[in-house]
Amino acid sequence: MSASEKHTTDPALELRGVTISYGAIRAARSVDLTVGAGEIVTLIGPNGAGKSSTLMGTVGLAPRGGAVLMYGEDVSNASTEQLVRKGLTLSPEGRRIFGNLSVAENLRLGGATARKTAGETEERLLDAFPKLRARYGQQAGTLSGGEQQMLAIARALMSNPSIVLLDEPSLGLAPKIVDTIFETIEQLRTWKISVLLVEQDIERALEVSDRGYVMSHGEIQMTGTSNELLTNANLKEMFFGENA
Amino acid sequence: MSELVAQQVLNALALGGVYALLGLGLAMVFSVLGMINFAHGELMTFTGYALIFLSATLGWPFFLAVFAAFAVAAASAALIERVAFRPVRGASLTTMLLTTFAISSILHVVFQNFISPRPIAVAIPDWLTSTAQFSGLRIGMLQCISLGVTVVALIGLTVFLRFSITGLAMRAAAQDFSITRLMGIPANRVIVTAFAISGLLAGLSGFLWVAQRGSVDPLMGFVPVLKAFIAVVLGGLGSLPGAVLGGFLLGFLEVLLRAMLPSELLPFRDAISLSIIITILVLRPNGLLGRAEAVR
Ligand SMILES: Nc1ncnc2c1ncn2[C@@H]1O[C@H](COP(=O)(O)OP(=O)(O)O)[C@@H](O)[C@H]1O
Ligand SMILES: [Mg+2]
């Protein structure tokens with residue numbers, strides 16, 4: 001197999017036996033997970049399952065064991081900064097925008113590793129999120145929850161990533177804004193960005209994604225195509241039992 | 001009367017400016033590491049010794065020696081970060097604080113044993129200590145320079161923090177260090193820059209302090225940095241504008257007390273100004289400009 005062939009068949013992101021521990025607390029145990037190039041993959045599971053820890057560990061912001069590969073290259077020992085430069089990024093749980101900086105400054109920092117294309121990327125993102133254009137010079141901390149979430153996603157995309165991890169982007173947002181967020185996620189497909197999405201809105205997440213993983217108690221319990229998971233009775237029981 | 005007031009305002013601005021610069025240096029490091037660097041005062045002292053060495057021993061022209069001493073201060077701060085703080089990064093806050101005390105004591109001993117336990121005079125050019133008379137107002141050259149240096153440093157720092165990527169990253173890191181790294185900005189770059197700027201600010205204030213007193217001694221940095229620390233707490237730990245505000249307020253308070261207190265109460269000046277500050281802090285526990293979340 002030649003190098004270029006290998007490159008096209010390797011998944012964009014691969015976790016092999018990833019373990020996240022905070023001292024004695026094991027938040028994730030030997031997680032195996034792949035995101036193919038151009039794929040949208042959803043990771044679902046109840047609160048405390050270890051989803052956020054897995055994402056934070058993947059970008060090197062939580063103590064991680066096991067291997068992380070990007071396009072077949074082992075990047076387990078790369079620092080967060082290096083991973084971002086290689087094209088991996090995360091829009092973290094709880095948004096974590098820089099509230100004391102302006103919207104413009106948040107975006108500028110997001111594009112710190114891709115300065116040549118930053119202007120162009122920013123234009124594209126401001127077109128996608130006109131609300132951010134209207135608030136461009138405003139302190140990010142004064143934005144509404146929905147606007148902050150758009151800013152968090154836009155800030156992550158400013159680095160021109162090839163792989164984006166999104167942690168609960170729709171949490172606590174009004175239905176109309178949730179629509180915008182999911183439209184954006186679908187748009188990432190046309191921008192050739194591979195996505196690993198963590199969501200509470202399971203049905204909606206599986207509708208936009210190709211495949212999914214179900215995690216609980218720090219372990220992957222189930223995996224399949226989005227259709228399989230959507231029609232899986234056990235899963236329905238697990239998550240929709242009370243509401244359905 | 002109005003000349004007297006103007007005179008005291010000028011004194012207060014000059015003194016407050018030095019506290020503001022020192023306080024900013026402390027706040028800079030605090031904002032990225034959540035730690036007060038109690039070795040900051042030794043950087044001031046070291047600037048003084050560097051100035052003496054370069055101007056008196058090596059015979060460099062005074063101003064060249066001053067600027068070189070600034071560079072020495074910035075570089076020493078970065079070096080201290082590299083050899084002393086980086087190894088304990090991520091350790092508990094107590095460990096980091098003990099490290100700052102350890103560095104401070106080690107430097108005291110080094111200054112006392114390898115330089116001199118006694119004050120060493122600094123040859124300050126005459127024009128620097130000259131004063132001009134304007135309709136009853138006595139304006140010292142050094143006061144003007146203090147004010148000028150403070151203003152230029154504040155403007156320079158503001159421009160840096162608002163417009164450079166590293167400056168933006170430092171403000172972001174003050175709020176959320178992990179996520180700043182997620183912007184692809186190396187943690188080390190942010191921290192070393194914070195230390196270098198903090199060292200530069202210690203150098204600027206060290207020079208102004210030494211020029212005022214005409215000598216350098218091993219413990220010189222202790223009192224001003226303690227006051228700068230008070231200024232930072234008063235302004236709001238973690239807030240850079242707060243450090244500046246706190247510095248100027250403390251300067252005004254001290255000058256005011258010196259001018260107003262009857263002579264038998266003058267020895268209690270510091271105790272009185274501290275009591276006033278404690279009262280302010282009781283009313284505003286996070287300082288004047290501090291927000292609850294800015295304090296970690
Ligand atoms: N920084 C941390 N320190 C210690 N424990 C943590 C930390 N973050 C998460 N945990 C624990 O790890 C487990 C998984 O949490 P998390 O990854 O946030 O789950 P999820 O995102 O699926 O809700 C929980 O028990 C949580 O309490
Ligand atoms: Mg979570």
Side-chain angles (χ1 to χ4, degrees), chain A residues 52-53 55-63 78-115 118 137 139-141 148 151-161 164-167, chain B residues 27-28 30-32 34 86 89-92 157-194 235-245 286-287 289-296:
Chain A
S52 297
S53 300
L55 297 195
M56 290 294 271
T58 302
V59 298
L61 290 178
S79 67
T80 303
E81 298 84 284
Q82 289 166 334
L83 290 172
V84 172
R85 281 169 200 278
K86 284 176 183 291
L88 175 67
T89 193
L90 161 72
S91 168
E93 178 169 34
R95 297 147 203 162
R96 292 173 78 169
I97 49 134
F98 303 116
N100 53 346
L101 271 59
S102 70
V103 169
E105 289 171 334
N106 270 273
L107 293 175
R108 222 182 128 208
L109 270 180
T113 57
R115 293 199 212 183
Q139 260 216 337
Q148 291 194 6
L151 179 58
I153 295 175
R155 181 183 65 180
L157 295 175
M158 280 297 291
S159 65
N160 254 343
V164 177
L165 316 180
L166 298 173
D167 199 345
Chain B
M28 211 79 195
F30 182 87
S31 70
V32 298
R86 199 170 297 182
R89 193 170 321 147
S92 73
L157 199 57
T158 306
V159 168
F160 170 76
L161 288 171
R162 290 193 75 92
F163 298 110
S164 75
I165 284 281
T166 308
L168 288 181
M170 289 179 59
R171 284 162 59 207
Q175 196 182 347
D176 196 329
F177 206 107
S178 306
I179 303 302
T180 307
R181 296 182 55 201
L182 198 51
M183 305 294 106
I185 293 153
N188 285 341
R189 193 208 298 172
V190 174
I191 294 175
V192 166
T193 310
L237 260 178
S239 159
L240 299 182
V244 175
L245 178 67
N286 289 314
L289 299 185
R291 292 163 303 159
E293 72 264 24
V295 183
R296 319 195 260 186

So, does A:E105 use its side chain to make a donor-acceptor pair with the main chain of B:L168 at under 3.5 Å?
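Checking the backbone N and O of B:L168 against the side chain of A:E105, no donor-acceptor pair under 3.5 Å is found.
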Quick check for you: to the nearest 0.5 Å, what is the distance between [X] atom [atom1] and [Y] atom [atom2]?
X	Y	atom1	atom2	answer
A:L109	B:I165	CG	CD1	5.5 Å
A:L101	B:D176	CG	CG	11.5 Å
B:R181	A:Q82	CZ	CD	9.5 Å
B:M183	A:N106	CE	CG	8.0 Å

Residue by residue, which of residues 152-160 of chain A have a heavy atom closer than 4.5 Å to a heavy atom belonging to chain B?
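Against chain B, the residues of residues 152-160 of chain A that fall inside the cut-off (heavy atoms, under 4.5 Å) are A:R155.
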Is chain B contacted by the side chain of [X], its backbone, both, or neither, given a heavy-atom distance below 4.5 Å?
X	result
A:I97	backbone
A:R96	both
A:L90	both

Any B:R162 side-chain heavy atom under 4.5 Å of A:S102 side chain:
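Heavy-atom side-chain distance check fails, nothing below 4.5 Å.
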For the residue pair B:I179 and A:P92, what are the closest heavy atoms and their distance?
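Between these two residues, the closest heavy atoms are CD1-CG, 3.8 Å.
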So which atom in A:R85 and which in B:P186 form the shortest heavy-atom distance, rounded to 0.1 Å?
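The pair with the smallest heavy-atom distance is NH2-CD, 4.3 Å.
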Is B:T166 in contact with chain A via its backbone, its side chain, both, or neither, using a 4.5 Å heavy-atom distance?
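B:T166 has no heavy atom closer than 4.5 Å to chain A.
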A:E81/B:R189 salt bridge by N-O under 4.0 Å criterion:
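Answer for the salt bridge query: no.
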Looking at chain B, which one of A:G60, A:A112, A:A114 has the largest number of heavy-atom pairs inside 4.5 Å, strictly under?
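Ranked by heavy-atom pairs under 4.5 Å with chain B, first place is A:A112.
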Sequence neighbours left out, what passes side-chain contact (heavy atoms from CB on, under 4.5 Å) with A:S52? Give chain and number order.
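In terms of side-chain contact (heavy atoms from CB on, under 4.5 Å), with neighbours along the sequence ignored, A:S52 is linked to A:E93, A:D167.
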